[in-house]
*Asks:* 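Can you read through this structure? Questions will come right after.
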There are 2 protein chains.
Amino acid sequence: MEELKVLAPQSPNYILKPFVAKFKALADEKRLRIMYELCQRGKTCVCDLVEILETPQSSLSYHLKMLMDAGLIRRETQGTWSYYEINTEEVNALLSEQLCCIFRPPGSCC
Amino acid sequence: MEELKVLAPQSPNYILKPFVAKFKALADEKRLRIMYELCQRGKTCVCDLVEILETPQSSLSYHLKMLMDAGLIRRETQGTWSYYEINTEEVNALLSEQLCCIFRPPGSCC
DNA sequence: ACAATACATCCAAAAAAATCGATGAATCGT
DNA sequence: ACGATTCATCGATTTTTTTGGATGTATTGT
């Protein structure tokens, strides 16, 4: 039976690791644009985003997955449609209030 | 007298662009670690960071430049030494208060 | 049942970012 | 003046990320 190896919980890298994925998810113009649109429009399906961003559907799905895996957005499936929306709690916990008008849904702050 | 004209309504991408570089700068474990150490220790020179992060000097310089270009840290040169420190205003404007203990210098908030 | 739509996933190619030894400029100590 | 130290920049290589057409599954409308 192999031993489970774990980073020391007090190591800085252990503390910082969860944030890397979140910042990576935000470190792309297309994904920032997705975040922006989801804030402006609320729940939005992929086919609408394809039109808004003028980006191939497979590319959109890829970027949405990045944001999902980082916990910054949420998906709600209704039949064939996938509706995505901002995960307000996560975004609020991560970004400053000054960014609320850009990356937080209207009314969720300020 | 002509009225000062505010820039015509810009595309979302225009608004978002400045943030891409900032999030890109934070989207790396090594650079997050640099931010963390600068917060803990205040002004720190490159040679100290080389020892702390156990990373080649050229790599450190590369990452410090990324953070500099994003405006997240500041440099102060004293003779041969380069001291880097957090740009508190920028970080506060970008990140949530909940991250203050990790990415903001102690005492600059909470 | 069939055609059309929505979307996640796959995959190979292209683009972007990171790595690290080497070089060179500036400064310091002796 | 000379050797040593600090650090930014260069450049070739490796690694990671992004791209977008193709494929497959699920669902909807007729």
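So you know, we letter chains A, B, ... as the sequences are listed, proteins then strands, and number each from 1. Side-chain atoms are counted along with the backbone in the values below, which use heavy atoms only and exclude waters and symmetry mates. No experiment lies behind these values; they were computed from the predicted model shown.
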*Asks:* Could you check which of D:dG21, D:dT19, D:dA8 has an atom nearest any side-chain atom of A:Ser58?
*Replies:* D:dG21
*Asks:* Is the phosphate of D:dT16 approached by A:Lys24 (side-chain N or O, under 4.0 Å from OP1 or OP2)?
*Replies:* no
*Asks:* Salt bridge or not for A:Glu29 and A:Arg33, using N-O below 4.0 Å?
*Replies:* no
*Asks:* Send over the distance from A:Leu64 CG to C:dA8 P, rounded to a whole Å.
*Replies:* 7 Å
*Asks:* Taking OH from A:Tyr84 and P from C:dC7, how many angstroms apart are they, rounded to a whole number?
*Replies:* 8 Å
*Asks:* When you check the phosphate oxygens OP1 and OP2 of C:dT19, does a side-chain N or O of B:Ser59 lie under 4.0 Å from one of them?
*Replies:* yes
*Asks:* Can you tell me whether the side chain of A:Gln57 and the base of C:dA6 have a donor-acceptor pair closer than 3.5 Å?
*Replies:* no
*Asks:* Rounding to an integer number of Å, can you tell me how far A:Asp48 CG sits from C:dC7 C1'?
*Replies:* 13 Å
*Asks:* Less than 4.0 angstrom between a side-chain N/O of A:Ser82 and OP1 or OP2 of C:dA8, yes or no?
*Replies:* yes
*Asks:* Using OP1 and OP2 only, check whether a side-chain N or O of A:Lys65 sits under 4.0 Å from C:dC7.
*Replies:* no
*Asks:* From D:dT28, D:dT19, C:dT19, pick the nucleotide closest to the side chain of A:Thr80?
*Replies:* D:dT28
*Asks:* Taking OP1 and OP2 of C:dC7, is either one under 4.0 Å from a side-chain nitrogen or oxygen of A:Arg75?
*Replies:* no
*Asks:* With the side chain of B:Val46 defined as its heavy atoms from C-beta on, choose the nearest nucleotide among D:dC7, C:dA8, C:dT19.
*Replies:* D:dC7
*Asks:* So, is B:His63 close to the C:dT19 phosphate, meaning a side-chain N or O under 4.0 Å from OP1 or OP2?
*Replies:* yes
*Asks:* Regarding B:Glu90 and B:Lys22, does a basic nitrogen lie under 4.0 Å from an acidic carboxylate oxygen?
*Replies:* yes
*Asks:* Picking from C:dT19, C:dC20, C:dC7, which would you name as closest to the side chain of B:Lys30?
*Replies:* C:dT19
